[in-house]
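Data first, discussion second: the structure below is written as structure tokens.
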Protein chains: 2
Amino acid sequence: VNFADRMDAALERVRTPALVGIDPHLDLLPPPFARARDARAPRAERAAALEAFCSELVDLVAGRVAAVKPQSAFFEVLGADGVRAWERVVAHARGAGLLVIGDVKRSDIASTAAAYATAFLEGVAGADEAERRSLCDAITVSPYLGSDTLVPFVEACERSGGGLFVLVRTSNEKSDEFQGHGAPRLCELVAGAVAELAPRLLGRGGSSSLGAVVGATHPEELARMRALLPRSILLLPGYGAQGASAKDVRPAFTDGARPWRGALVNSSRGIAFAWRETKHAGRAWQDATRSALAEMIGELESALAR
Amino acid sequence: VNFADRMDAALERVRTPALVGIDPHLDLLPPPFARARDARAPRAERAAALEAFCSELVDLVAGRVAAVKPQSAFFEVLGADGVRAWERVVAHARGAGLLVIGDVKRSDIASTAAAYATAFLEGVAGADEAERRSLCDAITVSPYLGSDTLVPFVEACERSGGGLFVLVRTSNEKSDEFQGHGAPRLCELVAGAVAELAPRLLGRGGSSSLGAVVGATHPEELARMRALLPRSILLLPGYGAQGASAKDVRPAFTDGARPWRGALVNSSRGIAFAWRETKHAGRAWQDATRSALAEMIGELESALAR
């Protein structure tokens with residue numbers, strides 16, 4: 001089934017556009033998982049602690065949000081052992097009924113792009129059951145090389161029912177440096193290329209599985225990108241720790257009757273590492289995480305109600 | 001020691017700018033390694049065959065070229081098992097005296113970019129000997145997010161002596177779509193940002209470890225990028241299978257007395273899969289690879305002699 005349709009169905013169930021980012025920076029893990037940053041521990045044991053944290057985080061948020069977005073860099077720091085943990089966390093999340101958006105920001109030309117799509121979305125010929133469970137429902141991809149390099153990813157999604165989120169306007173401080181270059185601005189040019197390819201991954205419900213990443217830290221941009229990308233699900237990083245608020249994301253949502261549809265609002269540290277914030281001092285990390293997610297869901301509900 | 005200095009020293013030894021790309025597409029491996037694409041074989045066994053091919057390829061080219069450039073996508077298709085093979089191939093190549101440029105095209109914001117740099121260049125705190133050997137000497141990175149996202153990679157290189165090759169102008173057909181956008185063109189803007197950061201990674205010999213990827217398929221561009229990036233080592237993909245010739249790369253080289261210095265000319269399929277070409281029909285893949293590399297080195301030597 002088409003990713004956008006699966007996402008729309010999942011959003012109908014949870015009725016919130018909140019997306020939980022899994023960015024397990026080793027230095028920030030709660031004390032029970034300190035083994036992950038123990039420089040004297042074997043790498044495989046460190047990866048096991050990393051996996052244990054992420055799996056528990058998945059269990060805490062399953063049923064409350066439609067999807068999680070693990071960030072591959074924080075697994076790759078532990079090399080092949082970390083990638084093994086990534087595979088298990090992805091499989092665990094899918095087993096818990098969550099959609100998984102792999103934040104891998106891959107890109108390359110032709111057959112190499114196809115290999116990345118195989119790695120994360122399709123699986124190699126003969127992949128066994130466990131390997132298939134470790135594939136993502138969707139991934140993030142980078143457009144710098146040109147829209148021809150997005151096509152192999154789109155083709156893989158046509159075959160597999162996977163989804164893509166193309167980096168269009170990112171949430172970092174100097175994102176305007178290149179993305180705002182020229183007239184039209186580069187990000188608008190990229191959005192146009194995404195809009196042109198989006199019909200190839202259109203679901204039955206009218207949403208496309210070819211989505212776009214637009215930083216919630218640029219509220220003025222959201223309406224513009226929403227207009228340029230009418231069919232695409234927008235993935236909005238930048239909420240919470242990076243400074244964007246629930247009100248900032250309003251322009252990304254256009255269906256007043258279903259204010260959880262059309263965009264995903266990501267928070268990573270604000271949820272997973274809520275226990276580190278002063279206001280949650282002394283609480284178990286799980287309680288802090290549950291509270292922070294409930295608060296985010298509540299804030300979005302209030303801000304998006306019309 | 002600074003990557004650019006290590007590269008300059010290696011180039012003085014081999015006296016050729018030829019760079020061997022290791023793009024082990026499973027479907028193209030020689031018959032002895034067919035296990036890698038056997039859909040009924042366990043993934044770990046497929047990865048072992050992939051590793052065996054790459055290691056033999058490394059042995060064939062060691063001593064003849066300064067560096068190899070493995071492409072991570074073709075390892076990631078086999079998941080954690082493939083990444084294990086990647087680590088062993090990188091360690092094997094470094095053990096054979098080759099510099100390793102990991103073609104990973106990673107990018108992300110802030111602490112996530114730092115995590116990628118840790119994963120590929122620095123190693124996590126407490127990494128053991130085997131883990132350290134599997135780190136790359138340099139990696140490729142993508143600039144779309146902005147030059148602020150290159151800084152964590154540069155900082156990691158300042159600490160570790162690693163190198164970077166920033167995608168500036170790629171070798172694919174539609175690379176001009178975004179990279180040629182605006183005035184100045186986006187690729188020139190990116191080159192300017194790279195040139196501004198390059199002094200931070202300057203070696204004693206005057207070359208910077210902050211290099212740039214410029215497709216050899218755009219000969220008219222090489223002189224321009226050489227001028228914009230006077231200190232950077234240029235990595236030129238596109239030679240051979242992608243259509244660029246030895247003459248095309250001439251503008252990237254400016255030191256007439258040392259026509260192997262300042263740029264690396266990459267060939268991947270043309271070397272590793274030379275056995276598939278009609279003119280090598282019936283020969284062992286190793287012989288075809290040796291011949292193809294000797295031919296490339298000869299062509300470059302003739303074309304670059306002044």
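Not measured: the values here are computed from a predicted model.
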Q.
Between A:A117 and chain B, with a heavy-atom cut-off of 4.5 Å, which part of the residue counts as in contact: side chain, backbone, both or neither?
A. neither
(Q) Less than 3.5 Å apart, any donor N or O on the side chain of B:S72 or A:Y116 sitting next to an acceptor on the other? (A) yes
Q. Are side-chain N/O atoms of A:S147 and B:E177 paired as donor and acceptor at under 3.5 Å?
A. yes
Q.
Let me confirm one number: the CG-OG distance from A:D27 to B:S111, rounded to the nearest 0.5 Å.
A. 10.0 Å
Q) Can you tell me how far CD of A:Q179 sits from CG of B:L145, rounded to the nearest 0.5 angstrom? A) 6.0 Å
What part of [X] gets within 4.5 angstrom of chain A, counting heavy atoms only: side chain, backbone, both, or neither?
X: B:D38; result: neither
X: B:A85; result: neither
X: B:F75; result: neither
X: B:T140; result: neither
X: B:R269; result: side chain
X: B:D108; result: both
X: B:L135; result: neither
X: B:A110; result: neither
X: B:P143; result: both
X: B:E76; result: both

Less than 4.5 Å apart, any side-chain heavy atom of [X] and any of [Y]?
X: A:R84; Y: B:D81; value: yes
X: A:S107; Y: B:R106; value: no
X: B:V124; Y: A:R46; value: yes

Please determine, among [options], the option with the most heavy-atom pairs under 4.5 Å with chain B.
options: A:A114, A:G126, A:A80; result: A:A80
options: A:D103, A:T170, A:L78; result: A:T170
options: A:G146, A:A115, A:A73; result: A:A73
options: A:V104, A:D128, A:L26, A:L167; result: A:L167

Q) Checking side chain to side chain contact (heavy atoms under 4.5 Å, CB included) for the pair A:I109/B:Q242: CA distance, chi angles, key distance, verdict? A) CA-CA 11 Å; A:I109 68 171; B:Q242 285 184 57; 3.7 Å; yes
Q. Does atom CZ of A:R40 have more than 12 heavy-atom neighbours, drawn from other residues, nucleotides or ligands, at distances under 6.0 Å?
A. no
**Q.** Other residues, nucleotides, ligands: >12 heavy atoms within 6.0 Å of B:E196 CD
**A.** no
Q) For B:F178, which residues count as a ring pair (Phe, Tyr, Trp, His ring centres under 6.0 Å) partner, sequence neighbours excluded? A) none
If you tally heavy-atom pairs under 4.5 Å against chain A, which of [options] wins?
options: B:D176, B:D23, B:V168; value: B:V168
options: B:G79, B:A41, B:S142; value: B:G79
options: B:A183, B:G182, B:A125; value: B:A125

Q: Output yes when B:E87 and A:R43 qualify as a salt bridge under the 4.0 Å nitrogen-oxygen rule, no when they do not.
A: yes
(Q) Testing the basics here: between A:E173 and B:D148, what is the closest heavy-atom pair and its distance to 0.1 Å? (A) N-OD2, 3.6 Å
Q) If every non-hydrogen atom of A:Y144 is compared with every non-hydrogen atom of B:L186, which pair is closest and at what distance? A) CE1-CD2, 3.6 Å
Q.
Can a donor-acceptor pair be found, under 3.5 Å and without considering hydrogens, that links the side chain of A:H181 to the backbone of B:P184?
A. yes
